[in-house]
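Just so it is clear, the values below take in all heavy atoms, side chains as well, and ignore hydrogens, waters and symmetry mates. Here the structure is a predicted model, which means the values were calculated and not measured. Residue numbering restarts at 1 for every chain, and letters A, B, ... go by the order of the sequence lines.
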Number of protein chains: 2
Amino acid sequence: MATQPQSADSDHESDVEQRNADVCNVVGAVEEMGAKWKLIVLNDLRDGEKRFNELKRSTGASSYTLSRVLDDLEAEGFVDNHKEFESPVASYYTLTEKGDALCPVFDALDDWGEDWL
Amino acid sequence: MATQPQSADSDHESDVEQRNADVCNVVGAVEEMGAKWKLIVLNDLRDGEKRFNELKRSTGASSYTLSRVLDDLEAEGFVDNHKEFESPVASYYTLTEKGDALCPVFDALDDWGEDWL
DNA sequence: CGGCATCCTTGGAGATACTG
DNA sequence: CAGTATCTCCAAGGATGCCG
């Protein structure tokens, strides 16, 4: 009697349904960012506009990796890229509105880190 | 404008420089969880105690993966494991205080997902 | 039921070197 | 300075099978 029938049960949802309903967003969000580099780069961009090499230094990612991550983030609408072909070519990266909207997440993460890291 | 209205926190002088100082927490946190599975499992455990197969179903991870992820999370102090060797062996997983402290992060993530996913 | 052992595939990511 | 091109290596993770 210790265990309850778990398989042949479809209407198991009762008290946790509310959370279950919108928790999917988290999964979606995680799926979309997943990789640690994306998060690290996004976090670094919270300071505002940054150059490629600047990000390279602050994140510690290789040119190759950083390039692909930025490419990815741009394609997904998290960051914007503005290039200047003048002097010694410079390209600046900034957070889009979508990327900036992640700030609360980073803040929460940062907050957590202070207590548990 | 890259920053959002600060919380009820009192002195948040120049957030950018200030942020640069302790932003490491985010990196640390990301480094510690990194993998998407960890986040997904942790998120699923917000509902409370769950069994192995329950998590397997809800997360969609394979036994192998789930097992390793849970092992990892337990070793890092994010989850607790309570086993019952009675009839058909059952083991329950719950969030530790440390894991539960991540709720705000998931909430923020969830919040973000509603707007941008 | 809850796992661990194995095999095997994928891609994430470092190192290095080269271009515009 | 800002990438791109390779080559390579290793960990993540799916599939399957077995066991207490």
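Between C:dC1 and B:Tyr92, no contact under 4.0 Å exists linking OP1 or OP2 to a side-chain N or O. Residue B:Lys83 places at least one side-chain N or O under 4.0 Å from the OP1 or OP2 atom of C:dG3. Proximity of A:Ser67 to the phosphate of D:dT4: a side-chain N or O atom is located under 4.0 Å from OP1 or OP2. For B:Trp37 and D:dA12, the shortest distance from a side-chain N or O to OP1 or OP2 is not below 4.0 Å.
Salt-bridge formation is not detected for the pair A:Lys98/A:Glu76: no Lys NZ or Arg NE/NH1/NH2 atom is positioned less than 4.0 Å from an Asp or Glu carboxylate oxygen. Using a 4.0 Å cut-off between charged side-chain N and carboxylate O, B:Asp110 and B:Arg46 make no salt bridge.
Annotation: ring-ring contact (aromatic ring centres under 6.0 Å, His included) contacts of B:Tyr64 (sequence neighbours excluded): none.
Atom CG in A:Leu66 sits roughly 14 Å away from atom P in C:dA15 (whole-Å rounding). The CG atom of A:Asp71 sits 14 Å away from the C1' atom of D:dA5 (whole-angstrom rounding). For the pair A:Tyr93 OH and D:dA2 C1', the interatomic distance rounds to 7 Å; values are reported in whole Å. Per the geometry, CG belonging to A:Asp72 stands 13 Å off P belonging to C:dG11, to the nearest Å. Summarising the geometry, the separation between CD on A:Glu86 and C1' on D:dC1 is reported as 14 Å, rounded to the nearest angstrom. B:Arg68 places its CZ atom 10 Å from the P atom of D:dA11, with the value rounded to the nearest Å. The separation between A:Leu70 atom CG and D:dC1 atom C1' is 14 Å, rounded to whole Å. Atoms NZ (A:Lys36) and P (D:dA12) sit 11 Å apart, rounded to a whole Å.
With DNA chain C read from its 5' end, the first of the two nearest nucleotides for A:Tyr64 and A:Val89 is the one closest to A:Tyr64.
With hydrogens and angles disregarded, a donor-acceptor distance shorter than 3.5 Å links the side chain of B:Ser58 to the backbone of B:Leu55. Judged by distance alone, the side chain of B:Thr96 and the main-chain N or O of B:Asp80 form no donor-acceptor pair under 3.5 Å. No donor-acceptor pair under 3.5 Å is formed between the side chain of A:Lys56 and the backbone N or O of A:Ser67. No donor-acceptor pair under 3.5 Å is formed between the side chain of B:Ser91 and the backbone N or O of B:His82.
Set against D:dA2, C:dG14, C:dG2, the side chain of A:Thr65 has C:dG14 as its closest nucleotide. Taking every side-chain heavy atom of A:Ser63 into account, D:dT4 is the closest of D:dT4, C:dC1, C:dG3. Taking the side chain of A:Ala90 as heavy atoms from C-beta on, and the options C:dG14, C:dC1, D:dA2, the nearest nucleotide is D:dA2.
Taking the six-membered ring where tryptophan is involved, the planes of A:Phe52 and A:Tyr93 are tilted, since the angle between them lies from 30° to 60°.
Across the helix from C:dC1-D:dG20 to C:dG20-D:dC1, the helix axis at one end is tilted relative to the axis at the other end by 50° (nearest 10 degrees, each axis from five pairs).
If you check every strand for non-hydrogen atoms under 4.0 Å, B:Lys56 touches nothing.
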Please walk me through it: do A:Cys103 and A:Asp100 pass side-chain contact (heavy atoms from CB on, under 4.5 Å)? CA-CA 6 Å; A:Cys103 278; A:Asp100 198 63; 3.9 Å; yes

One pair to check against side-chain contact (heavy atoms from CB on, under 4.5 Å): B:Leu102 and B:Asn43. What are the steps and the verdict? CA-CA 9 Å; B:Leu102 280 171; B:Asn43 179 51; over 6 Å; no

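Looking at residues 73-81 of chain A, you'll see that no heavy atom sits under 4.0 Å from any atom of DNA chain C.
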